[in-house]
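In what follows, a structure is listed as structure tokens, so that the remarks can point back to it.
Just so we're on the same page: letters track the sequence lines, and every chain starts at 1. Both backbone and side-chain heavy atoms feed into the values below; hydrogens, waters and symmetry mates do not.
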There are 2 protein chains.
Amino acid sequence: MNLEQVARRAKVSTATVSRVLNNASVVKNSTRTRVVKAIEELKYYPNLHARSLAGGKSRTIGVIVSNLENPFFFDIYKTIESDAHARGYEVVMANTDYRSEQLVSSIRLMIGRRVAGLACIVSEMAPELIEELEQSRIPVVFYDVGRPRPNITNIRVNYRRGIEKVVDYLHSLGHRKLGFIGHHAILGPINERMKAAMDAVARIPSLEVRAAADADTLEGGRQATRALLASGFAPTALICVNDIMAVGSLRELRERGIGVPRDMSVTGFDNVKLSEFCYPALTTVDIPRERIGHIVCDSLVPRPGKPPAADPEVVIDPELVLRDSTGPAAAREA
Amino acid sequence: MNLEQVARRAKVSTATVSRVLNNASVVKNSTRTRVVKAIEELKYYPNLHARSLAGGKSRTIGVIVSNLENPFFFDIYKTIESDAHARGYEVVMANTDYRSEQLVSSIRLMIGRRVAGLACIVSEMAPELIEELEQSRIPVVFYDVGRPRPNITNIRVNYRRGIEKVVDYLHSLGHRKLGFIGHHAILGPINERMKAAMDAVARIPSLEVRAAADADTLEGGRQATRALLASGFAPTALICVNDIMAVGSLRELRERGIGVPRDMSVTGFDNVKLSEFCYPALTTVDIPRERIGHIVCDSLVPRPGKPPAADPEVVIDPELVLRDSTGPAAAREA
DNA sequence: AGCCTTTCTGCCAGCGCTTACAACATCTTC
DNA sequence: GAAGATGTTGTAAGCGCTGGCAGAAAGGCT
């Protein structure tokens, strides 16, 4: 089933059918009707591969995320998708599960698909990959990694500042021994988030901190909490790298009979919807995921009216959101 | 950057480069080395569109789901993806958000991509779409909709049986007035799940039931619960169409000071990971999502050794999982 | 050395579509 | 009614890759 068959049925040339498909307004109305009819009768759907081969372009944007299971990534993805659709673009998604080989192959796949733009919402990004992407001439957006370059936009959240807000808040509640629950990708040598947390704590001499990490899942949060508590260190507050791990942590604490926030304060990060629905509702840090999604789409898909390129670097300052999972440390002694 | 440039650099023909790329073993080793070197130096990535155009096939399978935000769908997707990768296939995903226009356009898109196989894990599926898919000759798997046909496999969960188990269990606990929390896609005219629930209740004369529905999200579960309680009907147990909505329900109940399971029992469906992590942990019905994912992949991707087609219809009988969100109705009076 | 296999490599015809460019049809205008 | 402007459609040259076929190279024998 191809253009030619439709053309034959409508008694026109393939070029005309193509023109109808691409709604060029040059086609005479009577002809268009005939073609449309043929298309419908034949249930013809253009071969997208042929189309982008011939056209040289692809009206598809690629999105690569670390862990779609975490609603944080999903929320961003969703916004990108709906923006893209609104502008007539498709989006293909790839999930790396924090595995760098997976990242490499996903990026190659996207290049192979000749995507019109690529968003990398991943925590890990080798410099040579950035290099490769820059050379590919594809418009790219990175989240939280890399530096702005030609055809590369950067979005970053001031994670450090966010963690500082959390630490200051816990400190003000009287907490002195803090635990940090991270996820595996975060235990690498140069580890932004973990380091940010350590630094934020180090600013205040009276504080002590210890970290543990596991997979970026509910279960991982639970395991990391278990490991941290088993180490003998006795924190009065747990700073979790994100909300999902915090919910995992909550479960472990509950099973051990450790009351939150009575015996232990817990904080999340991201302000994912679930953080309001878990029990107790999480004190967390809001990252405006929809805003991020919009920025991604804006810098990838050139809008007709709008100015083509926004800032090559966008920095977002996250806000603390207070809920029920944190309280004064003193309560523990009571 | 294309085959020709690589060929020129390696001083061979494009056909030879193509052979190297597709690891045909006929290429002499010394030639292969030269070509590989050229490919790497040029950072060449084959154009996937050209490839599948020329080859006529696409080593890509499509997966369409109703709501990726619900981990139920995501778990299935994830299994399909990893199985597919293991067999050298890519997968492209589309999310319909329960919108039928979105379903239609996603299906057309998949056909346009000439996917090697298509999985539709969606609750809504118009008969004419099924017709269209059958004609497209693409191997298709439906979950919970449609009937087996040539080149169409069907997987269905005996939802009715699952709900019956829930109803019987609640009945045995002394509950007589039940609420059903559904989601919008489920309020259609012929509505399998809602109907199953009503029928399950109708089997037992002493039972009474009332339903409410909202979006398939945490928030939706909360709203539907609010609506149900506002109606004046006073159930002692809430049967939720899935775990996510149940967690939403839990929050509403908590905020109203209604104890679970003391004042109200709540059940979920699916046995998503979150159902263990919420508070209280949910009594639910397990649907083996990994198994479903494997079946999907098996019937879409012809394995070399294995027999090509499995059963055209697979029915899964789900199991009740007891946790902490359900208890005797009598307790309420205490 | 000469002939026959067995490898290996190059040539080229598509795959289905887009897009100049050319060709034809239809109007205008004087 | 002819020339020119305008509108509409057809022709054909690719887009980058694969795969069948045939020719070239290399190796094995007598």
Under 4.0 Å between a side-chain N/O of [X] and OP1 or OP2 of [N], yes or no?
X: B:S13; N: C:dC11; answer: no
X: A:K57; N: C:dC17; answer: no
X: B:K28; N: D:dG27; answer: no
X: B:S18; N: D:dT18; answer: yes
X: B:T16; N: C:dG10; answer: yes
X: B:N47; N: D:dC15; answer: no

**Request:** For the side chain of A:V12, starting at C-beta, report the closest nucleotide among C:dT9, C:dG14, D:dG10.
**Result:** D:dG10
**Request:** Ignoring the backbone of A:T31, work out which of D:dT9, C:dT19, D:dT18 is nearest its side chain.
**Result:** D:dT9
**Message:** Can you work out whether B:A15 or A:M1 has the more 5'-proximal nearest nucleotide on DNA chain C?
**Reply:** B:A15
**Asked** Roughly how far, to the nearest 0.5 Å, is the CZ atom of A:R87 from the CD1 atom of A:I61?
**Response** 8.5 Å
**Message:** As an exercise, state the distance from CD of A:E90 to OG of B:S105, rounded to the nearest 0.5 Å.
**Reply:** 7.0 Å
Tell me: [atom1] of [X] to [atom2] of [N], nearest whole Å?
X: B:L53; N: D:dG16; atom1: CG; atom2: P; result: 12 Å
X: A:I111; N: D:dG16; atom1: CD1; atom2: C1'; result: 16 Å
X: B:L3; N: C:dC11; atom1: CG; atom2: P; result: 14 Å
X: B:N29; N: D:dA25; atom1: CG; atom2: P; result: 20 Å
X: A:N22; N: C:dT19; atom1: CG; atom2: C1'; result: 10 Å
X: A:E4; N: D:dA12; atom1: CD; atom2: C1'; result: 13 Å
X: A:H49; N: C:dC15; atom1: NE2; atom2: C1'; result: 11 Å
X: A:R59; N: C:dT18; atom1: CZ; atom2: P; result: 13 Å

Answer yes or no: is there a donor N or O on one side and an acceptor on the other, between the side chain of [X] and the main chain of [Y], under 3.5 Å?
X: B:H49; Y: A:A50; value: no
X: A:D216; Y: A:N67; value: no
X: A:N95; Y: A:L68; value: yes

**Request:** Could you tell me whether B:V27 contacts a base, only the sugar-phosphate backbone, or nothing, with contacts defined as non-hydrogen atoms closer than 4.0 Å?
**Result:** sugar-phosphate
**Side-chain donor/acceptor of A:R19 to base of D:dG10, under 3.5 Å** = yes
